[in-house]
Amino acid sequence: MPSNVNPTVRRRRLGQELRRLREIKGMTAEEVAERLLVSQSKISRLENGRRSISQRDVRDLCGVYEVEDHRVVDSLMQMAKDSRQQGWWHAFGDIPYSVYIGLETDAASLRVYEPQVVPGLLQSRQYAEALIAGGLPEAPQTDIDKRAGVRTRRQERITDPERPLRMWAVIDEAALRRMVGGKQVMIEQLEHLVELSHLPHVTVQVLPFEVGAHPGINGQYAILEFPDTTDSSVVYIEGVTSDLYLEKTNDVQRYSVMYEHLRAQALNVEQSRQFIDRIAKEYTRLTTE
């Protein structure tokens, strides 16, 4: 697959364009579904980019919307074709959060708050393996290796010299003190975190316990923004059996404001490095006792 084709993002862009055409026509999703003898939920899934879109779907919808410009139809048909190709992550088999990976792969910036663990893009390999094994106690080693491999591949966005991901991470103190994989693994993880924090496009801030209640108290979330201004920002909330993606402007704005409050309450960058370094030294002392 060409490196510049991201099927997840193609589906989102195509879905947004199909929704725009429907709204121009002044039709509801229910009316379109009745015309095509399909369910309303199918039209909704096509428009939100959560479902693969066939060229036949595009042809049928363009017919309903009376799109007469063949260049527009051809462009949409090509997007539908691209959206059915496979991203790099499909080589690892069935990945439950593949939609998120597709979005992350194409994002220009990522703001993440993590209350329990070090963010995935900033994890060392040993920490990632121990974390995955702990979270999936019945998983075979092959599944653990596969998921760790995906995480390692995702991290290439951080070190990509041509297209690095701009990342802000606010990490709760609990994530730094939760011993994952043992003392030595934690020492290496915290040192790795400090090292990455020196990259010009990575900002790491620690939210200490002493802050008390804060806007992120309800749990983890991430905000993804994209280089193409036609792609709406996405708030991602990870779940146990399903994930939540919020794209409405009001939702994104609300979470963005929450994130700015988190950043304001967290330690600044240099204080955060010193804080992480102190905890790493605490683990070091424990290894000698």
Side-chain angles (χ1 to χ4, degrees), residues 8 48 50 95-105 107 109-124 127-137 139 147-148 150-151 154-155 157-158 165-181 186 189-190 193 196-197 202-226 232-268 272 275-276 279:
T8 304
N48 65 27
R50 301 290 179 262
I95 303 297
Y97 52 98
S98 60
V99 171
Y100 173 78
I101 296 176
L103 295 174
E104 182 185 82
T105 298
S109 70
L110 171 67
R111 288 173 286 170
V112 60
Y113 167 64
E114 279 286 0
Q116 298 290 344
V117 299
V118 173
L121 294 184
L122 306 179
Q123 293 174 7
S124 68
Y127 179 94
E129 290 177 348
L131 186 64
I132 294 167
L136 300 170
R147 288 174 178 254
V150 171
R151 197 156 302 180
R154 287 169 52 204
Q155 292 171 353
R157 283 301 316 278
I158 295 295
L165 178 68
R166 180 67 179 96
M167 182 175 183
W168 287 267
V170 176
I171 307 173
D172 197 280
E173 181 179 346
L176 307 178
R177 295 194 178 279
R178 185 177 305 282
M179 192 180 299
V180 175
M186 288 304 300
Q189 171 61 75
L190 296 179
L193 190 57
L196 291 177
S197 76
V202 176
T203 301
V204 175
Q205 292 180 258
V206 175
L207 193 67
F209 288 147
E210 64 188 38
V211 167
H214 56 78
I217 202 72
N218 290 324
Q220 176 273 353
Y221 69 93
I223 306 172
L224 302 102
E225 296 176 314
F226 303 90
S232 58
S233 299
V234 178
V235 176
Y236 169 71
I237 302 172
E238 184 176 356
V240 176
T241 57
S242 62
D243 301 326
L244 182 62
Y245 298 87
L246 305 175
E247 300 180 56
K248 292 182 179 179
T249 302
N250 288 343
D251 291 334
V252 174
Q253 179 64 20
R254 182 175 180 181
Y255 275 89
S256 295
V257 170
M258 286 170 55
Y259 199 81
E260 291 309 306
H261 281 289
L262 284 173
R263 291 182 61 193
Q265 294 181 46
L267 302 175
N268 66 34
S272 295
F275 192 91
I276 296 169
I279 296 179

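Put simply, CD on Glu129 and CZ on Arg147 are 13.5 Å apart, with the number rounded to the nearest 0.5 Å. The CD atom of Glu104 lies 8.0 Å from the CE atom of Met167; values are rounded to the nearest 0.5 Å. Once rounded to the nearest 0.5 Å, the distance linking CZ of Arg166 with CH2 of Trp168 reads 4.0 Å.
Inspection of the Gln205 and Ser272 side chains reveals no N or O donor paired with an N or O acceptor under 3.5 Å.
Judged by distance alone, with hydrogens and angles left aside, the side-chain atoms of Arg154 form no donor-acceptor pair with the main-chain N or O of Leu121 at under 3.5 Å. Distance alone, capped at 3.5 Å, is enough to place a donor-acceptor pair between the Gln189 side chain and the Ser124 backbone. Remark: side-chain polar atoms of Gln123 are paired, donor with acceptor, to backbone N or O of Val118 under 3.5 angstrom. Although no hydrogens or angles enter the test, the distance criterion places a donor-acceptor pair under 3.5 Å between the side chain of Tyr245 and the main chain of Tyr100. Looking at Arg157, its side chain does come within 3.5 Å of a backbone N or O of Ala107 through a donor-acceptor pair.
Counting heavy atoms from C-beta outward, Leu190 and Leu176 have side chains that approach closer than 4.5 Å. Inter-residue side-chain proximity for Leu207 and Glu173 is flagged as unmet; no heavy-atom pair is nearer than 4.5 Å.
By the 30° and 60° cut-offs, the orientation of the rings of His214 relative to Tyr113 is perpendicular.
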